[in-house]
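To keep things clear, I will list the structure first and then write my remarks on it.
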Amino acid sequence: MSKAIGKRIRKIRKEKGMTQVHLSKKLGYKSPSALSEIESGKKGLDADKVPLVAEILGVEISALFFEENVLETRTEQTA
């Protein structure tokens, strides 16, 4: 997983008003430091956690990998 996914998780989490502590607990991490390392790009997110992160954040899995404005631009071009 790239560092970009961590940045997008942080951005979406903050937009939703969710703390690292809350998201960490939902993901089954013992402390928020694991999530902090993922968000900062120091550690990768396990692939099996991707659907769970998306579900907890209330977004499509693709939102974790792609910027929304890129998807919107591509949708507008094909319309």
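Nothing fancy with the numbering, it's 1 onward along the sequence.
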Handout entry: Steps toward side chain to side chain contact (heavy atoms under 4.5 Å, CB included) verdict (Val21, Leu35)
Key = CA-CA 9 Å; Val21 172; Leu35 180 60; over 6 Å; no

Exercise for the section: For residues 48-59, pull every pair meeting salt bridge (charged side-chain N to carboxylate O under 4.0 Å, His left out), keeping only residues two or more places apart or in separate chains. Expected result: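 For residues 48-59: none.
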
Report yes if some heavy atom in the side chain of [X] is under 4.5 Å from a heavy atom in the side chain of [Y]; otherwise report no.
X: Arg13; Y: Ile56; result: no
X: Ser40; Y: Lys7; result: no
X: Ile5; Y: Ile38; result: no

Practice task
Hey, could you give me each pair passing side-chain hydrogen bond (donor to acceptor under 3.5 Å, both in side chains) that has a residue in residues 17-28? Not counting sequence neighbours.
Solution key: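 Applying side-chain hydrogen bond (donor to acceptor under 3.5 Å, both in side chains) to every pair that reaches into residues 17-28, excluding sequence neighbours, yields Gln20-Glu39.
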
Handout entry: Residues in side chain to side chain donor-acceptor pair (under 3.5 Å) contact with Lys11, at least two apart in sequence or another chain
Key =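 Glu15.
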
Practice task
Check side chain to side chain contact (heavy atoms under 4.5 Å, CB included) between Glu60 and all other residues, then give those that pass, not counting sequence neighbours.
Solution key: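 So Glu60 forms a side chain to side chain contact (heavy atoms under 4.5 Å, CB included) with Ser62.
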
Handout entry: Verdict with reasoning, Ile12 to Val53, per side chain to side chain contact (heavy atoms under 4.5 Å, CB included)
Key = CA-CA 10 Å; Ile12 296 166; Val53 170; over 6 Å; no

Would you give me the side-chain donor-acceptor pairs under 3.5 Å for residues 27-34, sequence neighbours excluded?
residue, atom, partner, partner atom, Å
Ser31, OG, Ser33, N, 3.4
Ser31, OG, Ser33, OG, 2.7

